[in-house]
Protein chains: 2
Amino acid sequence: MTAQKPPSTRLSVNDWLQAGYTLLAEQGGRALKVESLCQQIGATRGSFYWHFEDMDSYRAALVETWNAFLARDRQSLESLDALPPRERLSAMMTTLVSPQHWMLERAMREWARTDPIAAENVRQADRLLLRAVAKAYCDYGFSPEDARLRAELTFAAGIGLLHLAGSAAQAQRVAPQQRLLELMLADPT
Amino acid sequence: MTAQKPPSTRLSVNDWLQAGYTLLAEQGGRALKVESLCQQIGATRGSFYWHFEDMDSYRAALVETWNAFLARDRQSLESLDALPPRERLSAMMTTLVSPQHWMLERAMREWARTDPIAAENVRQADRLLLRAVAKAYCDYGFSPEDARLRAELTFAAGIGLLHLAGSAAQAQRVAPQQRLLELMLADPT
DNA sequence: ACCTGAACACCGTTCAAGT
DNA sequence: ACCTGAACACCGTTCAAGT
C-alpha cells in the first residue's frame, strides 16, 4: 500500500507552488517574493532554496504546472464535441471565465510579456483553445475563414472581459458572455 | 522673451518620465529600476532622487502624465460627434489600438492591479471612453441598454486584441477591428 | 532528505559634498 | 538648483551546520 501523507511539518514542492498561486492571485506578480512565500508557508529562506534553484526556476515551475492544469482543462473542452455547436460555445465561454482561473490567467499573461517560457506556454494554450472555438463556429455553419475570425474576436472579448472585470463576481460576467455569443452568431451579409 | 531650453546636460522631470516610458514599453514593469533609468538617461542615482521622492511617487508621476495624455486623446474622440455613428466608431477603434498607445496601455493596466492611483486613473479613462462608444451605438439606433452592452463588448474585444496582438504590427489588427464592428452593428432580434 | 540561520550581494534610498 | 558618489537597508541567494 502507498504511504499516507503525514500532517507534515515537512514541505513539498507542491506546497510552495500552492503558496505562490495564492500570492499571485491575491497580490499580483510583484508580491512574489521569497520572504512573502516563507511567511505564507511558515518556513525560512533556506527551505525554499532546497526545493528550487532560484526565483526564476520557481516561476518556471509555476508556469509549467499552470500550463499542465490548463491543458487538461482545455482538452476536456474539446471533448464537448458531442454537444451542438451553440451549447458547446456557451460551455467553453463559461469555463474560460471561471473564477478559479481568471486571476491566474491574468497573472500568467502578465508574466508572458517578460518570461519566454511563460510566453511559449501561453501561446500554446491559446492555440489549442482558439482551434476548438473556431471548430465550433465552423460546425455552426460559418466558413472556415469566418469561423477563425469570429473565434479570434470571441477570444479577444473573453480576455478583455477578464481584464475589465476586476474583482467582480462571476455572475456579473455571465450576461455579457451570453450576449456576446448572440452577437457573434449573427450572420450579417 | 522666454529662455530657450539648452542642449542641456541638466535633466528635467520630463526627461525621467520619458526614459520610464521607454523602459516600460520595451521591457515591462519589472524593468523599471532606478539603475536602469540612470543608465538610459546617463546620470546617477542621486539625480533621480532630486527630481522624485522615491520609486512609488515616480510611478505615480508616470501614471498621472499618462492619464492626462489619454484624457486629451479621448476628449478629441468625443469631438468626433459630428461624424455619422458608424464612422465615429471606426475612428474610435483605430485610435484605441494605435501603436503609440498599446504598449503603455498594457503596462498601465498591469500596474493598475496593484497600484490604487493607477487603478483609479485607468478606471476614470475607461469610463470616459465607454460612454463615448455607448453614445455612438445609441446614435446608431440601439436602445440605451443594448448600446451600453455592445459598448462593453466592443471595449473588451479591443482590450483583448491589444493583449493578443503581442508585438504584431498595427496593420494586422485593422481587419479584425473592422470585422468586429460589422458584427457589433448586426441586429439579431 | 529537509530545514535553519548567519553571511553576502544587489539595488532602493539617503545625504553630505560639489558645481 | 541640480548633480555626484559613498553609505546604508532590504531582499535574493549561498552555505555550513543541524535533525
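Each chain gets a letter, A, B and so on, in the order the sequences are listed, and its residues count up from 1. All figures in this text were calculated on a predicted structure; none of them were measured in a lab. Computation of the quantities below employed the complete heavy-atom set of this structure, encompassing side-chain atoms and omitting hydrogens, waters and symmetry-equivalent molecules.
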task: Would you indicate, yes or no, if dC3(C) has its OP1 or OP2 atom less than 4.0 angstrom from a side-chain nitrogen or oxygen of His51(A)?
output: yes
Separation of atom CZ in Arg45(A) from atom P in dG5(C), rounded to whole Å: 11 Å
task: Please assess Ser12(A) against Asp15(A) for the test side-chain hydrogen bond (donor to acceptor under 3.5 Å, both in side chains), listing each intermediate value before the final yes or no.
output: CA-CA 5 Å; Ser12(A) 71; Asp15(A) 292 325; 3.2 Å; yes
field: Distance in angstrom units between Phe48(B) CZ and dT14(C) P, rounded
entry: 11 Å
Side-chain heavy-atom pair Val133(B), Met93(B) within 4.5 angstrom cut-off: no
task: Quick one: do Arg150(B) and Leu185(B) satisfy side chain to side chain contact (heavy atoms under 4.5 Å, CB included)? Show the steps, please.
output: CA-CA 9 Å; Arg150(B) 281 169 200 258; Leu185(B) 290 175; 5.9 Å; no
- request: Can you tell me the distance, in whole Å, between the CG atom of Leu32(A) and the P atom of dC11(D)?
  value: 14 Å
message: For Phe52(B), run the ring pair (Phe, Tyr, Trp, His ring centres under 6.0 Å) check against Tyr49(B), Phe48(B), Trp50(B) and tell me which one passes.
response: Phe48(B)
query: Which of these nucleotides, dC3(D), dT4(C), dA1(C), is closest to any side-chain atom of Ala43(A)?
result: dT4(C)
- request: Measure from the side-chain heavy atoms of Ser47(B) and tell me the nearest of dC3(C), dT4(D), dG12(D).
  value: dT4(D)
- request: Please report, rounded to the nearest Å, how far the C1' atom of dT14(C) is from the CZ atom of Phe52(B).
  value: 17 Å
query: With respect to the phosphate group of dC2(D), does any side-chain polar atom (N or O) of Trp50(B) fall under 4.0 Å of OP1 or OP2?
result: yes
Residues in contact with DNA chain D, drawn from residues 34-42 of chain A - heavy-atom cutoff 4.0 Å: Val34(A), Glu35(A)
For atom CZ of Arg10(B) and atom C1' of dT4(D), their distance in whole Å: 11 Å
task: Establish, with yes or no, whether the OP1 or OP2 oxygen of dT14(D) is under 4.0 angstrom from a side-chain nitrogen or oxygen of Tyr49(A).
output: no
task: Find the distance Trp16(B):CH2 to dG12(C):C1' and express it as a whole number of Å.
output: 13 Å
query: Is any side-chain heavy atom of Leu161(B) closer than 4.5 Å to a side-chain heavy atom of Leu153(A)?
result: yes
task: Give the nucleotide from the list dT4(C), dC2(C), dT13(D) with an atom nearest to the side chain of Asp54(A).
output: dT13(D)
- line: To the nearest angstrom, the NZ-C1' distance between Lys33(B) and dC10(C) comes to 9 Å
- request: Dot-bracket notation for DNA chain D is requested: 5' to 3', Watson-Crick or G-U wobble pairs only, both distances under 3.5 Å, with ( ), [ ], | and . as defined.
  value: ||.|||||...|||||.||
